[in-house]
Engineer: 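Supplied in structure tokens, the structure appears directly below.
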Amino acid sequence: MPATAAMVANDDPTAAQLAALAEQLSGRGLTRLAVTWVNHAGATLVKVVPATALTAVTRRGVGFSPVSDAFRSDGAIDPEHRLARPDGDLRLVADPASVSPLEPASGWAWAAGMRRYRDGRSYEADQRCFCQRLESRLAADGVSLQAGFELEWMVLGGHDGLQPAVAGGPYGADRLMEALDYATALTEALDAAGLAWEQLHPEYGQGQFELSLAPGSPLQAADRLVLARLLIQRVSRRFGWRCSFSPKPFAEQVGNGGHLHLSVRRHGQPLLEGGEGPGGLGREGTALLAVLLRHLPALLPLACNSAVSYRRLAPGTWSAPFQAWGIENREAALRLIPAEADGASAHLELKVADLSANPYLLLGAVMAVLAEAPADVQESTAWPALPEPVVGDPARSGEAAPPRLPATLAEASQAFAASTLLRRALGDPLHASLIDSQQAEIRRAEGLGDEALLAASRWWPIVGGL
Ligand code: GLU
Ligand code: MG
């Protein structure tokens, strides 16, 4: 029952299909089903049902108050948020196609949920519905995306809980040896959950690790990120440590990214390779990159959703804070990885993203932007306009340096608010309530000095601190 393979049709599974799935769960001793969704603040919320309630939870769902999207990143409810109301109820409905083991040895299964109204209509401000809608919209034009996230996190412990839990240097085999039991437990947990992963390594920062998840459809990629985070948290706790996915846990250390890799095809043909442009881009690939690059400032609060995200975005830390693209350049927000580099299809890395992002919103918004690229560029005689790829360190390019992306959440939120493209794609209820959430996060950070903001955000995604 891997998270990668749809067990039943996404849209309308028959009673027989659901019964077969329930039987499969029970055959594997999976008796509890955790249904999660990710709110505007990027936190994963959950309700648990007995696995025997599978049909009910995929059809009628379980109650969830819309106020949960007014939660700030620390769990407090912002009174000025339009959803900070006690009334109304939604149903969290599990997507049967996403059902997978969570921790099978202890009888836990997992499913991604989406919120609907009681009468079955989709809730306009639901993040996963938005992602699904955009996936279908692109599919109608013959366009499909493969996406995959890389997660970075730090494991911390020691006398004050703030020390790197394992010793060892950047990318160090010494750190792997220090943490081999942890790496074993983590990869076992991923395998047991059927979560396909491609790479694991000690990252540059102290006690920092990185996991690359296998690519899948946008919905699968977002679902896998959610599940992977839960498993990393679970395994870290089993070792008596805590993991921090905060974009910037410590001022003097590099941050944690949540980079998003994307490849794009139209009618099965890869669009980011095989052309005559720089990096092997063809006309359509060039147009896709151009449109993404142009809309990056507006996308930024969806990629970097917390106030502390912007403390990470400093030049020289490979957090890619420039509105630029580059071929294999790790300071460019958009990094093109040509086909020959790793044997995979050519793909783009949205390197600026971090794990405070709601992955469904980020992927949905990226698809909305890609859908704006003109599809008829093949017939046109002019090559689509795209700035030159950055070469070298943009921070040292003097006058020729590309523009910096917004340096604060307030600035990024303004670009998001002004984007008619995103407002149209998200729809007013989602767009406007996201602006409220961004403003709530800005207010939370107001008056906190640098160190206080880092400390108040350090335990993300353990909402509310410790
Ligand atoms: N830790 C860096 C970041 O904040 C990324 C390092 C890398 O994988 O290139 O995104
Ligand atoms: Mg990395």
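All ligand and atom numbering here is 1-based and tracks the order in the structure.
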Engineer: Please say which of T36, N358, D95 ends up in a side chain to side chain donor-acceptor pair (under 3.5 Å) with R128.
Structural biologist: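 So, applying the side chain to side chain donor-acceptor pair (under 3.5 Å) to R128 and each of T36, N358, D95, only D95 qualifies.
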Engineer: Do any nitrogen or oxygen atoms of G255 come within less than 3.5 Å of a nitrogen or oxygen of ligand 1?
Structural biologist: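 Yes; the residue has a nitrogen or oxygen that sits under 3.5 Å from a nitrogen or oxygen of the ligand.
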Engineer: Of the protein's non-hydrogen atoms, which lies at the shortest distance from atom 4 (O) of ligand 1, and what is that distance?
Structural biologist: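 Heavy-atom neighbour on the protein nearest atom 4 (O) of ligand 1: R312 NE, 2.8 Å.
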Engineer: Any nitrogen or oxygen of R330 lying under 3.5 Å from a nitrogen or oxygen in ligand 1? Just yes or no.
Structural biologist: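 It does not: no N or O of R330 is found under 3.5 Å from an N or O of ligand 1.
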Engineer: Roughly how far, to the nearest 0.5 Å, is OG of S345 from CG of L262?
Structural biologist: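 OG of S345 is found 12.5 Å from CG of L262.
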Engineer: Around the Mg ion (ligand 2), how many protein N/O/S atoms fall inside 2.8 Å?
Structural biologist: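 Considering protein N, O and S only, the Mg ion (ligand 2) has 3 within range.
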Engineer: Assess whether a salt bridge exists between R115 and D69, defined as any Lys/Arg side-chain N lying under 4.0 Å from an Asp/Glu carboxylate O.
Structural biologist: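 Here R115 pairs with D69 in a salt bridge, since their nearest N and O are under 4.0 Å apart.
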Engineer: May I ask you to list the atoms of ligand 1 that are less than 4.0 angstrom from any heavy atom of H259?
Structural biologist: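 Those qualifying, in numeric order: 3 (C), 5 (C), 7 (C), 8 (O), 10 (O).
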Engineer: In ligand 1, which numbered atoms sit nearer than 4.0 Å to a non-hydrogen atom of E210?
Structural biologist: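 Listed by number with element, the hits are 8 (O).
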Engineer: Should you measure from each heavy atom of K351, which atoms of ligand 1 turn up under 4.0 Å away?
Structural biologist: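 Checking each atom against K351, I get 5 (C), 7 (C), 9 (O).
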Engineer: Hey, does T317 come in under 3.5 Å of ligand 1, counting only N/O atoms on both sides?
Structural biologist: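 Between T317 and ligand 1, no N or O pair is found under 3.5 Å apart.
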Engineer: Can an N or O of S319 be found at a distance shorter than 3.5 Å from an N or O of ligand 1?
Structural biologist: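 No; the residue has no nitrogen or oxygen that sits under 3.5 Å from a nitrogen or oxygen of the ligand.
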Engineer: What I want to check is whether the side chains of D126 and Y360 have a donor and an acceptor closer together than 3.5 Å.
Structural biologist: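 Distance-only check fails for D126 and Y360.
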Engineer: Could you tell me whether the side chains of Q233 and S236 share a donor-acceptor contact shorter than 3.5 Å?
Structural biologist: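 S236 and Q233 do not have a side-chain donor-acceptor pair below 3.5 Å.
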Engineer: Parallel, tilted or perpendicular: which describes the rings of H347 and H261, with under 30° parallel and over 60° perpendicular?
Structural biologist: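 Geometry flag for H261 against H347: tilted rings.
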Engineer: List the atom of H40, the atom of S437, and the distance in Å for their closest heavy-atom pair.
Structural biologist: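 It is CB-OG, 3.3 Å.
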Engineer: State whether R444 and E441 are salt-bridged, where the test is any N-O pair (Lys NZ or Arg NE/NH1/NH2 against Asp/Glu carboxylate O) under 4.0 Å.
Structural biologist: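 Yes, R444 and E441 are salt-bridged.
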Engineer: Do any nitrogen or oxygen atoms of E150 come within less than 3.5 Å of a nitrogen or oxygen of ligand 1?
Structural biologist: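 Min N/O separation from ligand 1 is not below 3.5 Å for E150.
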Engineer: Determine, for R283 against E276, whether the closest basic-nitrogen to carboxylate-oxygen distance falls under 4.0 angstrom.
Structural biologist: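 Salt bridge between R283 and E276, a charged N being under 4.0 Å from a carboxylate O: no.
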Engineer: In terms of residue, atom name and distance, what is the protein heavy atom nearest to atom 6 (C) of ligand 1?
Structural biologist: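 So the nearest neighbour among protein heavy atoms is E152 OE2, 3.4 Å.
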Engineer: Parallel, tilted or perpendicular for W153 and F245, by the 30°/60° rule?
Structural biologist: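 Aromatic pair W153/F245 classed tilted.
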Engineer: List the steps and the verdict of ring pair (Phe, Tyr, Trp, His ring centres under 6.0 Å) for H201 and Y171.
Structural biologist: CA-CA 6 Å; H201 65 260; Y171 303 96; 5.5 Å; yes
Engineer: Under 3.5 Å, N or O to N or O, is Y171 touching ligand 1 that way?
Structural biologist: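 For ligand 1, there is no N or O atom that lies under 3.5 Å from one belonging to Y171.
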